Protein chains: 2
Amino acid sequence: MGKALSKSTKSRGEQAYSLLRHEIIRGAFAPEQPLRLAQLQERCGVGFSPLREALTRLAAEGLVTSEAMRGFRVAPLSLDDLRDTMETRTYVETEALRRSIERGDDDWEGRIVSSLHALGRQNERSHPDDPDSLAALEDRHRDFHVALISASGSRRLEQIIDNLYLGSVRYRMPSLGNLSSNPARDLMIEHGAISDAALARDAPHAVELLTAHYSLTAELLIQAHSDRLGRAANG
Amino acid sequence: MGKALSKSTKSRGEQAYSLLRHEIIRGAFAPEQPLRLAQLQERCGVGFSPLREALTRLAAEGLVTSEAMRGFRVAPLSLDDLRDTMETRTYVETEALRRSIERGDDDWEGRIVSSLHALGRQNERSHPDDPDSLAALEDRHRDFHVALISASGSRRLEQIIDNLYLGSVRYRMPSLGNLSSNPARDLMIEHGAISDAALARDAPHAVELLTAHYSLTAELLIQAHSDRLGRAANG
DNA sequence: GAATATAACATTTTCGATAATATTTTGATT
DNA sequence: AATCAAAATATTATCGAAAATGTTATATTC
């Protein structure tokens, strides 16, 4: 797959940045694991300068931490941060949803309908054992939620939402299979209901459904994360 | 000059970062002005690598923009962004204030009282013609608002509020003298009232006062900014 | 004269060597 | 064995030259 050079619009720094970003999100590194420059240099095939730049950027995004003269580490995960992130996400996204319902035009409706459709299709063809299909499902999931709030008219809210999504996605990754195959839950029905309420311009109902959707997700993630911590401590 | 290295715990990259950050906030560079590496290298007294790192970080914070192979520029300012930032700020900070009023302990009250006191003192000794005293006043102002929401219990909200403050402070800088010397406005009374309501644990009232405080500030800033744009276009 | 190619220049981006700092190992002393 | 200092090693942080890329000026063609 070495063809990637063709698209020369990407600097080496960009490349290193997106590669590391993906790997961290995928959970390829353990939380708090030190990220040694020499190692990464080999893995990414770039020199020190672009590497440091990529890591600096990731640090600003909250995916890694950096300490002067002691280099970079993968950012930690914690139950508190998970709770905080999901609560804040709910508070901010519900407002963006209200504004979108207020201001959304035909294009907005189109984006919701089409992203929901794409999510459904990917859901049919995804299998809990295939990581690639689950990653694709996660992307479609994100697209749908982005579409929902895409008419808020506030660049700032969009940026905040983007960053909060980033803060939550690492918690979801390890338990993606479990989440989407949870028998007590039909995600497509939940998403469909949110979409319906939004398109019907019923803001209170849409907000209620979105809040419930995130609350349930948060509960399951917190459950999964506590289990993982428990296993790590005992086993 | 570069002898001042001594025992500084600050790496060169740190130094370049905070220097540039201050200068951009102070308005030493025009919005959208290209930031040439060679120039900055001289101004900051550091090599390319730490410089690029500092600029990358500032770009992530939203103070500069970066385009591949075309370097960095000072981030633009616009009326739309000003409005958006102040509205979003109000939405997020009022929630953090509610939570702080709900959860705040004695220490929280202490931080409010003492930061309000410090703000008052600096206000007495500040003069509209002295940029240094105005910068100090701005810092005390920020400290007070940070103290108000410092018991929200949400690291995420704090981070968001921090970034939104950063997004608004550049608009305030050029008209700081006008703002604080506006005869139709007594900022100390506004701040005192907010503080009183918060300490009395009257959340609805405190939120109302804080919202009004930001609305008025936003109006005056939008006014000042339109004037500036008008003058720039005509004169 | 307009459009296109070519060369000269400016700027960003990358690399690898070097300096600065942290961490580990070693060995002498108690 | 435990403690400490000093040397050895590992790692990060910085610099400046070199490569890659973009921009402007000049020449050439139609």
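Sequence lines set the chain letters: A, B, ... in the order given, protein chains first and strands last, and positions in each chain run from 1. Please read these numbers as outputs of a predicted model, since none were measured by experiment.
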**Asked** Would A:S126 and A:D130 count as a side-chain hydrogen bond (donor to acceptor under 3.5 Å, both in side chains) if you check the C-alpha gap in whole Å, the side-chain angles of each, and the deciding distance to 0.1 Å?
**Response** CA-CA 7 Å; A:S126 278; A:D130 176 8; over 6 Å; no

**Prompt:** Base, sugar-phosphate, or nothing: which does A:E67 touch, judged by heavy atoms less than 4.0 Å apart?
**Reply:** sugar-phosphate

Have [X] and [Y] got a donor and an acceptor in their side chains that come within less than 3.5 Å?
X: B:S150; Y: B:R111; answer: yes
X: A:R156; Y: B:T85; answer: yes
X: A:Y214; Y: A:E93; answer: yes

Measure from [atom1] on [X] to [atom2] on [N] and round the result to the nearest Å.
X: A:L35; N: D:dT11; atom1: CG; atom2: C1'; value: 13 Å
X: B:Q41; N: D:dT14; atom1: CD; atom2: C1'; value: 11 Å
X: A:R36; N: D:dA13; atom1: CZ; atom2: P; value: 11 Å
X: B:Q15; N: D:dC15; atom1: CD; atom2: P; value: 9 Å
X: A:Q39; N: D:dA10; atom1: CD; atom2: P; value: 14 Å
X: A:E14; N: C:dT13; atom1: CD; atom2: P; value: 10 Å
X: A:L37; N: C:dT14; atom1: CG; atom2: C1'; value: 15 Å

**Prompt:** Should we say atom CZ of A:R26 is surrounded by more than 12 heavy atoms from elsewhere, each under 6.0 Å from it?
**Reply:** no

**Asked** Is the CG atom of A:D106 crowded by more than 12 outside heavy atoms at less than 6.0 Å?
**Response** no

**Prompt:** Is there a donor-acceptor pair closer than 3.5 Å between any side-chain N or O of B:R103 and the backbone N or O of B:A151?
**Reply:**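 Judged by distance alone, yes, a pair lies under 3.5 Å.
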
**Item:** Qualifying residues under side chain to side chain donor-acceptor pair (under 3.5 Å), relative to A:S115, sequence neighbours excluded
**Value:**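 So A:S115 forms no side chain to side chain donor-acceptor pair (under 3.5 Å) with any residue.
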
**Asked** Reckon A:R12 has a side-chain N or O less than 4.0 Å from the OP1 or OP2 of C:dC15?
**Response** yes

**Fill in**
Contact check, residues 42-61 of chain B vs DNA chain D, heavy-atom distance under 4.0 Å, returns B:V46, B:G47, B:F48, B:S49, B:P50

**Request:** State, to 0.1 Å, how close A:A118 and A:R140 come at their nearest heavy-atom pair, and which atoms those are.
**Result:**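 The pair with the smallest heavy-atom distance is CB-CD, 3.9 Å.
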
Short heteroatom pairs, N/O only, protein and nucleotides 22-25 of chain C, under 3.5 Å:
| unit_1 | atom_1 | unit_2 | atom_2 | d |
| --- | --- | --- | --- | --- |
| C:dT23 | OP1 | A:R70 | NE | 3.0 |
| C:dT23 | OP1 | A:R70 | NH1 | 3.4 |
| C:dT23 | OP1 | A:R70 | NH2 | 3.1 |

